[in-house]
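These notes are about the structure you will find just below.
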Amino acid sequence: MEGMSGWLWKATLMEIPNKHHSPPKCSVILWVLAIANLWIMCSSSTQKQVLMPGFSASEMDYIDNDGKFLLSNGSVFGFGFVTISVSDSTSYILAVVHLATTSIVWSANANSPVSHSDNFVFDKDGNAYLQSGGSTVWTANISGKGATSMQLLDTGNLLVFGKDGSSPLWQSFSHPTDTLLSGQNFVEGMSLVSHSNAQNMTYTLQIKSGDMLLYAGLQMPQPYWSALQDNRMIIDKNGNNNIYSANLSSGSWSFYDQSGLLQSQLVIAQQQGDANTTLAAVLGDDGLINFYRLQSVNGKSALPITVPQDSCDMPAHCKPYSICNSGTGCQCPSALSSYANCDPGIISPCNTKDKFQLVQLDSGVGYVGTRFTSPVPKTNLTGCKNACMGNCSCIAVFFDQSSGNCFLFDQIGSLQQKDGGKSSFASFIKVSSGNRGTGQGGSDNGRLTIVIVVIIVGTLAVIGVLVYVGFCIYRRSHHTPSHDAGSSEDDGFLQTISGAPTRYTYRELQDATNNFSDKLGQGGFGSVYLGTLPDGSRIAVKKLEGIGQGKKEFRSEVTIIGSIHHIHLVKLRGFCAEGAHRLLAYEYMAKGSLDRWIFQRNNDSSLLDWDTRFNIALGTAKGLAYLHQDCESKIIHCDIKPENVLLDDNFLAKVSDFGLAKLMTREQSHVFTTLRGTRGYLAPEWITNYAISEKSDVYSYGMVLLEIISGRKSYDPVEGSEKAHFPSYAFKKLEEGDLRDISDSKLKYKDQDNRVEMAIKVALWCIQEDFYQRPSMSKVVQMLEGVCDVPQPPISSHIGYRLYTNAFKSSSEEGTSSGMSDYNSDALLSAVRLSGPR
């Protein structure tokens, strides 16, 4: 076509000036042909909304339109050629793209890119296909079925219609790649497949046998997530737990049986967004399904939920045999540390004459595959190990000591250690009985060498022990510093902590903080300084400056936060217990504490919008729900306040400062303890000498939630007498049916946003004086997420206000705290603790 066009233009230009060269009639004909050719060229590069049979296009033909030749009616989506990556601008895939965000939502040749001159063809026979170098890279396989047109809808669905024009002959929604969109029905028989990652691993989503499952592409595909097992699912009471299809709509991922009856839902978004919002679920090359909003105005935004919830809940997050520990990365089990790359080297134990043995892995190590594999017949631990040793293909065995179930595996991915290593599994890996580190049996000379080395090492060890004992006896009789007892006591105590964080020397933290030069703030038991570790990561170092109770707080904080991991709890990177020095190193939270952002009176630039405030409130609630319900020992924080809610770069909320926390067993519903916490956030049971429970944290959270909503402190004498004690004012407004005066007057939010009223009601439920009426924190999360309705809270009396007034007065008289007049002092709000025997 290009050659013919050029010839026609040249011929025309030659004919016009030379009127004697040919008759005028020929010149007219050539002019007509040239104009027709120009029209064909222009029309072929114009983007269309309907393709007819006989159409073909390459990326080069539509280079001025970024390779897109078909648009949806509202120009929301486009179909055409796109580059596969920023670094490779010469390889293209044929794809459907969300134009505003450039997100690829469907592709024909994800793993077989083509060049800029290769053609997409919608031929006269009605088939659609992609050609490269004379071979077919992709085809819709609809040749001879009477296709009449191809269209792209504003939903992102690419369709080929037949003569009747009603039901499509082919549609992209029926052939998903790695993305599902709003309204796209994902049914049994379809597959969602991720792109290959650096380890050549792919992940697959399928519906099988009444359940939706995610598989990792090991030698034999291995499931690692099940919709029926996800505890975040809201189960429909009329359902039968039999999934046949799934659909993204109205902020939820909904699951249906074959008759179309709703079975369950996973809430992924609290509000839908604007009218042009498209929800997308993308299976990434890391094995996680992430959810996004694709919007024409606000672009692409990630939603704070993934499937599965924890990246360690998959067998390929780390290398095979390595332990994935949520929040701390991958590590080799101590039993395999002598093997190169943590690999025992067993390839096919059934085809070798080597002898094998089972080595036990670290305490609490399990495997996600046990949730999807049938156990062998009931047995004890010895029988379970014998079953593996008697099966040559078995390379790993996991025994659940709580249920007696035994699981055998002939392939293994990465292991996992959850809940601080408190799993009930006893886990074993099969290794060669020969030389460790090679996975092969050694020669007799090798064995002799090992024996000699063992004897020498053993002798040296005995000598070393005797020298050390003698040194200790000498030291004890000649030198006993005053802090030695406490130091050794702490050392022995800290050594018992399961999965304790990194232990730093005082010099290491002194260097990291530039000799404690950059002070971030002052807490109840010491100052906090900014530091930088050798790897470049920033930390916040709390230097405990008090004696006695500060030491008790140090033990408490290392014990509690060192054994728990949650996205909404501040991570303890490490600690220092050296002589009299007690320091805690946390992950650095760039935005500081919540009080800096919600109590600003004259700084509109730092005013948090309603979406951010709501997400902070929800994140804080999730962190507390984890402490109360998901830890082995129930943890009551005892000091929830805005100063102890920290914010990262993205205003993600994390609960901090566990120095006053109280542990409770699962059997305990209440406990008596010394009075602890910060006034203004203490539940009435603290003041009235009643036993406290996790509901005391709920009360404190309710106070914080009210402050987030109102942008002011719960007690502020600067306000008028009616508003001074804000909880009383809030209840009064609730009784009057007027909730607008409760929210921050500077906040702007849509009238139809019912989250404001919902959050106010939740806060007033949380600060009920009768702790039996307060909801649990998990119930608070459900109410804030819109999973369940929030009923009208009962009107509370003013006894709480009087209790606080009396408590503050008595504290003032005893000299332990200030009176109401200085209650608004920032120093008191951040540091004053009310303590005394209970």
Side-chain angles (χ1 to χ4, degrees), residues 47-59 61-62 67-82 92-99 103-114 118-132 135-193 195 204-207 244-248 278 280-283:
Q47 291 176 312
K48 301 171 175 56
Q49 291 185 332
V50 179
L51 299 183
M52 309 303 289
F55 174 86
S56 68
S58 67
E59 190 278 336
D61 294 333
Y62 285 84
K68 317 296 188 309
F69 48 80
L70 180 64
L71 299 179
S72 64
N73 287 338
S75 296
V76 179
F77 289 90
F79 178 52
F81 293 93
V82 295
Y92 298 88
I93 59 174
L94 184 65
V96 175
V97 181
H98 185 260
L99 296 177
S103 300
I104 298 173
V105 299
W106 179 86
S107 60
N109 59 317
N111 298 316
S112 304
V114 298
D118 291 324
N119 283 310
F120 164 74
V121 180
F122 184 33
D123 65 19
K124 292 182 179 180
D125 196 31
N127 193 23
Y129 53 90
L130 178 63
Q131 283 186 323
S132 177
S135 60
T136 301
V137 176
W138 168 85
T139 177
N141 284 322
I142 50 174
S143 180
K145 294 187 178 180
T148 59
S149 66
M150 177 180 289
Q151 296 179 38
L152 180 60
L153 304 184
D154 281 336
T155 59
N157 193 9
L158 180 67
L159 306 103
V160 178
F161 288 101
K163 293 178 181 179
D164 60 359
S166 56
S167 58
L169 298 175
W170 180 94
Q171 58 179 331
S172 61
F173 270 15
S174 296
H175 304 273
T177 49
D178 65 345
T179 302
L180 297 174
L181 298 176
S182 300
Q184 183 172 359
N185 211 24
F186 185 74
V187 302
E188 187 171 355
M190 293 183 183
S191 294
L192 210 63
V193 182
H195 295 301
T204 306
L205 179 72
Q206 291 180 331
I207 296 177
Y244 176 78
S245 66
N247 195 295
L248 281 174
T278 299
V282 181
L283 177 55

Using side-chain heavy atoms (C-beta onward) and a distance below 4.5 Å, is [X] in contact with [Y]?
X	Y	result
Tyr92	Asn109	no
Val76	His98	yes
Phe173	Phe186	no
Lys68	Leu70	no
Thr155	Thr278	no
Met150	Leu158	yes
Asn73	Gln49	yes
Ile104	Asp178	no

Closest approach of [X] and [Y], non-hydrogen atoms and distance?
X	Y	result
Lys124	Pro53	CA-CB, 4.0 Å
Leu99	Ser75	CD1-O, 3.3 Å
Gln206	Ser191	NE2-OG, 2.9 Å
Val114	Ser132	CG1-CB, 3.8 Å
Gly126	Ala147	O-CB, 3.3 Å
Gly146	Leu169	C-CD1, 4.1 Å

query: How would you list, by chain and number, every residue that makes a ring-ring contact (aromatic ring centres under 6.0 Å, His included) with His195, sequence neighbours excluded?
result: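 Once residues adjacent in sequence are excluded, His195 has no partner under the ring-ring contact (aromatic ring centres under 6.0 Å, His included) criterion.
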message: side chain to side chain contact (heavy atoms under 4.5 Å, CB included), that's the test. Do Ile142 and Val160 meet it? Break it down for me.
response: CA-CA 9 Å; Ile142 50 174; Val160 178; 3.5 Å; yes
message: If only side-chain N and O atoms count, and only distance matters, is there a donor-acceptor pair under 3.5 Å linking Asn119 with Ser56?
response: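 Per modelled atom types, Ser56 and Asn119 side chains form no pair under 3.5 Å.
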query: For Trp106 and His175, does a side-chain donor sit closer than 3.5 Å to a side-chain acceptor?
result: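 Absent: no donor and acceptor within the cut-off.
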Identify, with sequence neighbours excluded, every residue that meets side-chain contact (heavy atoms from CB on, under 4.5 Å) alongside [X].
X	value
Ser245	Asn185, Val187, Tyr256
Tyr129	Val121, Asp123, Asn127, Gln131, Thr136, Thr139
Thr179	Val105, Leu181, Ala280, Val282
Ala281	Leu180, Leu248, Ile289, Phe291

Give, for atom [atom1] of [X] and atom [atom2] of [Y], the distance between the pair rounded to the nearest 0.5 Å.
X	Y	atom1	atom2	answer
Gln151	Ser72	CD	OG	11.0 Å
Ser112	Leu94	OG	CG	12.0 Å
Asp118	Ser135	CG	OG	8.5 Å
Phe77	Ser103	CZ	OG	9.0 Å

query: Phe81 pairs by side chain to side chain contact (heavy atoms under 4.5 Å, CB included) with which of Leu130, Ile93, Asp61?
result: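 When side chain to side chain contact (heavy atoms under 4.5 Å, CB included) is applied between Phe81 and each of Leu130, Ile93, Asp61, only Leu130 qualifies.
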query: So which pairs with a foot in residues 141-150 pass side chain to side chain donor-acceptor pair (under 3.5 Å), sequence neighbours left out?
result: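 Every side chain to side chain donor-acceptor pair (under 3.5 Å) pair that includes a residue of residues 141-150, provided the two are not neighbours, is Asp125-Ser143.
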- prompt: Hey, which of Phe79, Phe69, Phe122 is the one that makes ring pair (Phe, Tyr, Trp, His ring centres under 6.0 Å) with Phe55?
  reply: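 Only one option passes, and that is Phe69.
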